Each structure stands twice: as C-alpha cells, then as structure tokens.
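Written below as structure tokens is the structure these notes are about.
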Protein chains: 2
Amino acid sequence: MQETSLYPHVSVDCAIFGFDGEQLKILLITRTGESEEGRYSDMKLPGSVIYESENLDDAAYRVLYELTGIKNIYLQQFRSFGSPDRTKHPRDIVWLENAIHMKIGRIITVAYVALIKINQKLRGFADGYEAHWCNLSEIGQLAFDHNEVVEGALNYVRKKIEEDPTGMYELLPKKFTEAELRNLHEVIFGEKVDIRNFHKKFISLNYIIPLEEKQQNVAHRAARYYRFDKIIYNKSHR
Amino acid sequence: MQETSLYPHVSVDCAIFGFDGEQLKILLITRTGESEEGRYSDMKLPGSVIYESENLDDAAYRVLYELTGIKNIYLQQFRSFGSPDRTKHPRDIVWLENAIHMKIGRIITVAYVALIKINQKLRGFADGYEAHWCNLSEIGQLAFDHNEVVEGALNYVRKKIEEDPTGMYELLPKKFTEAELRNLHEVIFGEKVDIRNFHKKFISLNYIIPLEEKQQNVAHRAARYYRFDKIIYNKSHR
DNA sequence: ACAAAAGTGTTCCGCATACACCCATGC
DNA sequence: GCATGGGTGTATGCGGAACACTTTTGT
C-alpha cells in the first residue's frame, strides 16, 4: 500500500437505469466487507477510479462495458460529487482503500446516467458480476452518497426525456404497442398519464410508424404494433 | 518541483457572467508566459486546483471570493471537463506546471457558473487582480478548453433562468424599469423579445411590485420603477 | 415641433386537460 | 356472456406569438 496521496482521486459512477418491459430498475453492485461491527453487505453504484490519461466519458463507457457488455448507448454525465463528507463513513473508507490499494484522502466522483433495456442476456451477465437489477422503490441505504446520486440521476433522466424522447425507444422492443410506451412513461415519471390525451399525442408523432402487425393470443382485443423511426425523428429535430 | 503524480488533479473553473446594466460580460484572467515562440499573453477563466478536504462547491466559492470579494450568489456546478486532451497545448502544460509547482499528468475541472451584477467597486477590484470583464462577442481563443466551458455555461444559464428567473434580479438595481429587465433578457438569450408580450407577462407577475417612483431627467416619457419581491416569489414557487 | 422611449389590447393558434363509451378477443 | 384491455372525440382554458398606435417628456 502506497503512502497517502495529497491529491484527490477521481472516479466515475454510473446510475444505470434498466427497463425490463414492466418496471424501471437500477443496476447495483453488492459490496461486502469487514467493519468494526463485523461483516456487512450493502449495495453501491457501479463505478471505477479513472485510469491515467482516460477521458471521463471513456471511463464511464468502460465501466458500463465491463459490467454489462453494452456499448453505444445513451450515457450522460450529469453532475460531480466532491464533498469530503461523502466518504466519511468508516466502512466506506476501509472499502475504498482495499479496492484501490492505497490510502485515500478523498475521492471525487463524476456521475453518469444511462438508460438501457434489460434483455435476457443482460440479466445473466449482470448476475455473473454480482450486479443486480433492483427496483427503485426497494433500494435501501447505499454506499457513499449513492442514494443522492441515484436521486439526481433520476431527475436528470426525466428532464432529458422531456426534451429528447429518443432514449425511451431504446428501452422498448423494436415493435411495441402504445400501451407499452405509455407504461414506460408512467414508470419513468412515477405518475399515471391520461390514456386519451396520450393517444392523441402519440398518433400525432410522425416518427411513430404504425405497422400492420398486431398482438397474438392476448385475452382481449389485440393491440397494434408501432416502430420508432429515428431518421424521421432526426429530420424534424434540427 | 515534485515528481509526476499518477493521480489526476482536480480544479474548479468559474464562468462568471456579469451584467453592467447594458451588456453581459464574462470575467477572464490575463495569463502571460513563455513558450517556444516567445512570450505570449492570453485569457483564461478564473479557477484553482482544489485544496485537500475542500468541498467542490466551497472551492468554487473560494475562487469567486478571492477574485471578486463576493459571496452568497447564484453559483452552480454545471459540468465536469476531463478529457486528457484539454491540456494538450504545450503552452497550457508549461503554465500549469508553473502555477501548481508540480509536474502535471492531467487535470480534471469541475465547471461552475455565476451571474453577478457589475458594480463600481467590482470593476476596480477585478482590475487589481488582472481580471477583466470581457464582452462575450470579443473573447478570442482562451486557454485550455475554456471556450467550450464558456459556451456550456451560457447554455446552462439560459436553461436555469427559464426555470427560475430569480437570478435575473440579482443583476439589476433594486429599483428597475421594465425596459431594463427586458434588455437583460435580450442580452442573456441573445435575441429580441416582443415588447407587448413581454409587458403582458411582466405585469402578470405578482412578485414584481410597481413603485410610485419614476425615472428623472430622461429625454422622453419617464418609466416607472419596479422591485422584485423575493418573499412573494418563494411563496408561489414551492 | 420633433425625437425618443413608455405604455397598452386583440386576435389567433397550439397544446394540455378533463372526461366516457363501444369494440374485439379469449376464456 | 363476461372480463380484459384496445381504441377513440369534444369542449375548455391557458399561454405564446403576431401585430401598431397614442402618450409623455426633454430639447
């Protein structure tokens, strides 16, 4: 273990929201360690100290790639967290020193958000790395200031989606029903939307293309499938 | 000079926008140094490497305070810049090493924005520190990636003002005319607004209090003064 | 009298909201 | 035939955008 560095370490943390078709989840890593009160186990956001000469964005993409095998997604820096207090919990300090193999004065983190679709492959992959998709309502006390990071990330995502809804369609299958999109809205914003008003807006969007195909074998009237046309979207948005 | 640190240095840079009653300016520091091509002189944003155990926000406030003597203002972190390329210019590397008295691998900066009113005291104070209020349209090539920082800061400020106009009133005298506020809008957003529509909205705001006092000795019809009532504003905005 | 800026109303359009009933399908 | 969710229209209000003339004051 090296001696204490006077200079701050910089990390990236990723708040990766995943949509499994029904609910919005957040990807968390199980952290276990030894503290004065014995062994503990809690959760943290995936993150990493940045490498030398590594772009911040690159570091975030690296963390995400190492954890999920996914690239080329909607990944955005949204804030830095740099209070010295964020590592004041003894448990956090000990854990960090073990992880980085160095005494830590403090650590500043640059936080990123991502929105991805949870597919079957991803479920298995994440589990292999002790990463878990957790319901947003069920996350407890996270390591460091990660509760605050998640909160900030969710607010950021809501704002972003409002000004550019492209990210939503990455979370849905290529062919999706209006109800699927509506449900996605509801879980992201945490509130019900009016079905008819949503419909009116939905059909007015020229980049939502209705398909001939409909649902099969559902116990009610079959819903039409639609697709998102990115090219049309880009044309009409600068 | 110490040996190269493998760990990144972290700085804060402040994009401080000032309003002098007519135009929007940005506070820049003159930087001079020696390079292969001889002495040079250019401009940079005020900034500083953060101290050990110093909160990021505190560091930003410290820089601002040291430079302007001003506290308790609208100061917001808005993005971090961490590309290793941002210090690729040889001039920037040499300058940094002289400033920090240490070899620099890379430096990550957390950028802040502030909006302040340029009063008479502030003009003198800034000049004493080789800081200058520059017209936004007249800034040339800045040090590091500071052009990008300024650009990002301005966009951020515009967004923020749209959702919370409180910051605007910090830039105006306590008593101000409708035209002064309108001009402020125009310089922040860089476009003309319709006078009558602006007026309609202006008088509909319950936190803008009309005063009996009017302009004196103007070569045209005297305009009424108004004041901003922060208490009323806060009551009607959560 | 003229220059210069203050002050003011109407119309139109698009967008958000509120709200309820019939339709198709599988069981 | 019934349960389940799919699919649809109308009326209302608010806020933004366009647009021009009269008033006041100093010179």
Side-chain angles (χ1 to χ4, degrees), chain A residues 21-23 158-159 161-165 168 172-173 175-227 233 236-238, chain B residues 21-23 158-159 161-165 168 172-173 175-228 233 236-237:
Chain A
E22 288 177 5
Q23 289 199 288
R158 286 173 177 162
K159 238 193 220 168
I161 291 283
E162 271 170 9
E163 49 192 55
D164 171 16
M168 306 254 299
L172 293 171
K175 297 171 184 177
F176 56 88
T177 65
E178 181 177 329
E180 286 173 329
L181 182 64
R182 179 155 36 83
N183 174 52
L184 177 55
H185 257 282
E186 291 179 344
V187 297
I188 289 179
F189 291 97
E191 56 190 19
K192 288 276 173 209
V193 301
D194 181 274
I195 293 183
R196 278 179 290 182
N197 292 332
F198 185 88
H199 177 68
K200 205 178 351 170
K201 185 155 197 180
F202 181 78
I203 56 170
S204 78
L205 300 172
N206 67 341
Y207 54 84
I208 302 277
I209 316 292
L211 305 175
E212 290 313 310
E213 201 175 341
K214 296 194 175 184
Q215 287 178 318
Q216 298 288 331
N217 301 319
V218 285
H220 52 76
R221 182 170 172 179
R224 178 181 292 278
Y225 284 115
Y226 297 83
R227 68 180 179 83
Y233 179 85
S236 43
H237 296 79
R238 176 171 50 284
Chain B
E22 289 178 4
Q23 289 198 287
R158 287 172 177 163
K159 239 193 217 166
I161 291 282
E162 271 171 9
E163 50 192 54
D164 170 17
M168 306 252 300
L172 292 171
K175 299 171 183 177
F176 55 88
T177 65
E178 180 176 330
E180 286 172 330
L181 182 64
R182 180 155 35 84
N183 174 51
L184 178 54
H185 257 283
E186 291 179 345
V187 297
I188 290 179
F189 291 97
E191 56 190 17
K192 288 277 173 206
V193 302
D194 181 274
I195 294 183
R196 278 179 290 182
N197 292 332
F198 186 86
H199 177 68
K200 205 177 353 166
K201 184 154 197 181
F202 181 77
I203 55 170
S204 77
L205 299 173
N206 66 342
Y207 53 83
I208 303 277
I209 316 292
L211 305 175
E212 288 314 309
E213 201 175 339
K214 296 195 174 183
Q215 288 178 320
Q216 298 288 331
N217 302 317
V218 285
H220 52 76
R221 182 170 172 179
R224 178 182 293 277
Y225 284 115
Y226 297 83
R227 68 180 178 82
F228 168 65
Y233 179 85
S236 44
H237 295 80

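Computed from a predicted model, the values in this text were never measured in an experiment. Order of the sequence lines fixes the chain letters, A, B, ..., with proteins taken first and strands second; residue numbering starts at 1 for each chain.
In terms of modelled atom types and a separation under 3.5 Å, the side chain of A:Glu162 and the main chain of A:Lys159 share no donor-acceptor contact.
Residue A:Asp194 is in base contact, counting any heavy-atom pair closer than 4.0 Å across all strands shown.
For the helix from C:dA1-D:dT27 to C:dC27-D:dG1, the axis fitted to the five pairs at one end and the axis fitted to the five pairs at the other end meet at an angle of 10° (nearest 10 degrees).
If you take OH of B:Tyr225 and P of C:dG7, they are 11 Å apart, rounded to a whole angstrom. Between B:His220 atom NE2 and C:dG7 atom P the separation is 10 Å, expressed in whole Å. If you measure from atom CD of B:Gln215 to atom P of C:dA5, you get 11 Å, rounded to the nearest angstrom. Separating the CG atom of B:Asn217 from the C1' atom of C:dA5 is a distance of 16 Å, rounded to the nearest angstrom. One can place CZ of B:Arg224 at 7 Å from P of C:dG7, the figure rounded to the nearest angstrom.
Nearest-nucleotide positions on DNA chain D place A:Ala219 closer to the 5' end than the other of A:Ile195 and A:Ala219. Two residues, B:Lys214 and A:Arg196, neighbour DNA chain C, and the one matched to the more 5' nucleotide by heavy-atom proximity is B:Lys214.
Within 6.0 Å of the CD atom in B:Glu22, the count of heavy atoms belonging to other residues, nucleotides or ligands does not exceed 12. Heavy-atom neighbours of B:Glu186 CD from other residues, nucleotides or ligands within 6.0 Å: above the threshold of 12.
Nearest approach of B:Glu180 to B:Lys175, heavy atoms of both residues: OE1-O, 4.2 Å. Pairing each heavy atom of A:Thr177 with each of A:Ala223, the nearest pair is CG2-CB, 3.9 Å. In this structure, B:Ile188 and B:Met168 approach most closely via the heavy-atom pair CD1-SD, 3.8 Å. Closest approach of A:Phe198 and A:His185 over heavy atoms only: CE1-CD2, 3.3 Å. Residue A:Asn183 comes nearest to A:Gly21 through the heavy atom pair ND2-O, 3.7 Å, listed as atom of the first residue, atom of the second, then distance. Across every non-hydrogen atom of B:Pro210 and B:Tyr226, the tightest pair is CA-CD2, 3.4 Å.
First and last contacting nucleotides of DNA chain D toward chain B (any atom under 4.0 angstrom from a heavy atom, 5' to 3' order): D:dG16 to D:dG26.
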Heavy-atom protein contacts under 4.0 Å, nucleotides 10-16 of chain C, coded B base, S sugar-phosphate only, - none: B-----S
Pair A:Arg224-A:Glu212, side chain to side chain contact (heavy atoms under 4.5 Å, CB included): steps then yes or no: CA-CA 7 Å; A:Arg224 178 181 292 278; A:Glu212 290 313 310; 4.3 Å; yes
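A:Leu181 contributes atom CG, which lies 9.0 Å from atom CG of A:Leu205 (distance to the nearest 0.5 angstrom).
Out of C:dC23, C:dT8, C:dA6, the shortest distance to the side chain of B:His199 is found at C:dT8.
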